[in-house]
Amino acid sequence: MRNLIIAFALMFSAVTFAQMSFNVSDLDLNNPMNSEANIGWFMTDDIMVSVGMDNWDNFTVGARYYTGFCDNMFIEATTNSSGDTDEREYAISAAAGWTKDLGIWKLQFEPMVVLDDIQDFTPRLAWGLRFNL
């Protein structure tokens, strides 16, 4: 019983003191409301889980692993769901990039190579801004 209480205390402390993050990627300066945004939660120092939503029908869920290689390199996998409830489409995307601190409070710049759909291998360059809370 004592070990169970210690395990719950450790899980609660990890959830309570974890760090949140906000990200804007593919920022369209002419129409900023068309940009993609998500909210992330660092589960550990190396793993972040993020959720983004355009509306109730279109959402993304992703996981990012910070490798520690080459100064904050990350690898990310994301599942995108879109369409109506009758015709739902899913796509799995992947990204690899770096998180660079801009030196302005907790703002970070993230250049990356992105595959929007891993079945259609068309890589592209992208960038994002991340703000850690």
Side-chain angles (χ1 to χ4, degrees):
M1 182 68 176
R2 184 172 150 198
N3 291 340
L4 184 63
I5 292 171
I6 292 171
F8 279 121
L10 289 174
M11 287 187 329
F12 181 73
S13 67
V15 170
T16 304
F17 299 111
Q19 185 178 13
M20 286 189 67
S21 179
F22 177 74
N23 180 21
V24 175
S25 59
D26 295 331
L27 183 62
D28 183 3
L29 296 176
N30 293 329
N31 193 358
M33 295 306 286
N34 284 342
S35 302
E36 298 175 18
N38 67 36
I39 294 176
W41 187 265
F42 283 94
M43 303 304 282
T44 66
D45 288 341
D46 297 336
I47 298 173
M48 181 182 67
V49 175
S50 61
V51 177
M53 181 181 288
D54 290 338
N55 55 38
W56 290 108
D57 293 327
N58 302 327
F59 61 91
T60 61
V61 177
R64 179 181 284 191
Y65 175 68
Y66 287 92
T67 63
F69 178 70
C70 289
D71 192 30
N72 284 333
M73 181 180 178
F74 64 84
I75 299 170
E76 180 176 29
T78 306
T79 300
N80 304 311
S81 173
S82 61
D84 297 334
T85 55
D86 296 335
E87 295 184 22
R88 178 69 71 200
E89 294 182 13
Y90 297 96
I92 298 173
S93 62
W98 288 267
T99 300
K100 300 292 183 185
D101 189 17
L102 292 177
I104 305 169
W105 200 27
K106 294 183 178 182
L107 189 62
Q108 299 168 336
F109 176 69
E110 295 182 331
M112 62 188 95
V113 177
V114 177
L115 290 172
D116 289 321
D117 188 355
I118 60 171
Q119 293 179 350
D120 178 27
F121 190 81
T122 53
R124 66 180 175 88
L125 296 176
W127 62 277
L129 293 174
R130 180 162 301 280
F131 181 76
N132 292 326
L133 301 175

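All values below come from the heavy atoms of this structure, side chains included, with hydrogens, waters and symmetry mates left out.
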To the nearest 0.5 Å, what is the distance between [atom1] on [X] and [atom2] on [Y]?
{"X": "Met48", "Y": "Arg130", "atom1": "CE", "atom2": "CZ", "value": "3.5 Å"}
{"X": "Phe109", "Y": "Leu129", "atom1": "CZ", "atom2": "CG", "value": "7.0 Å"}
{"X": "Met53", "Y": "Asn38", "atom1": "CE", "atom2": "CG", "value": "12.0 Å"}
{"X": "Tyr65", "Y": "Phe74", "atom1": "OH", "atom2": "CZ", "value": "14.0 Å"}
{"X": "Glu110", "Y": "Trp127", "atom1": "CD", "atom2": "CH2", "value": "11.0 Å"}
{"X": "Asn23", "Y": "Phe131", "atom1": "CG", "atom2": "CZ", "value": "12.5 Å"}

Query raised in the report: Val49 and Ile39: same hydrophobic cluster, using ILVMFWY side-chain contacts below 4.5 Å?
Result: yes
Is it true that a side-chain atom of [X] and a backbone atom of [Y] form a donor plus acceptor pair closer than 3.5 Å?
{"X": "Thr67", "Y": "Met73", "answer": "yes"}
{"X": "Asn58", "Y": "Gly83", "answer": "yes"}
{"X": "Arg124", "Y": "Val114", "answer": "no"}

What is the minimum heavy-atom distance between [X] and [Y], and which atoms define it?
{"X": "Tyr66", "Y": "Asn72", "result": "CD2-O, 4.1 Å"}
{"X": "Asp45", "Y": "Phe42", "result": "O-CD2, 4.4 Å"}
{"X": "Arg88", "Y": "Ser81", "result": "CD-OG, 2.9 Å"}
{"X": "Ala95", "Y": "Met112", "result": "CB-SD, 4.2 Å"}

Query raised in the report: Side chains of Asn80 and Thr60: closer than 4.5 Å at any heavy-atom pair?
Result: yes
Query raised in the report: Would a 4.5 Å heavy-atom cut-off, applied to side chains only, mark Phe121 and Leu115 as touching?
Result: yes
Report task. Could you walk me through whether Ser93 and Asp116 pass side chain to side chain donor-acceptor pair (under 3.5 Å), step by step? Result -> CA-CA 5 Å; Ser93 62; Asp116 289 321; 5.9 Å; no
Report task. Evaluate side-chain contact (heavy atoms from CB on, under 4.5 Å) for Val113 paired with Leu125, printing each intermediate quantity in order. Result -> CA-CA 5 Å; Val113 177; Leu125 296 176; 3.9 Å; yes
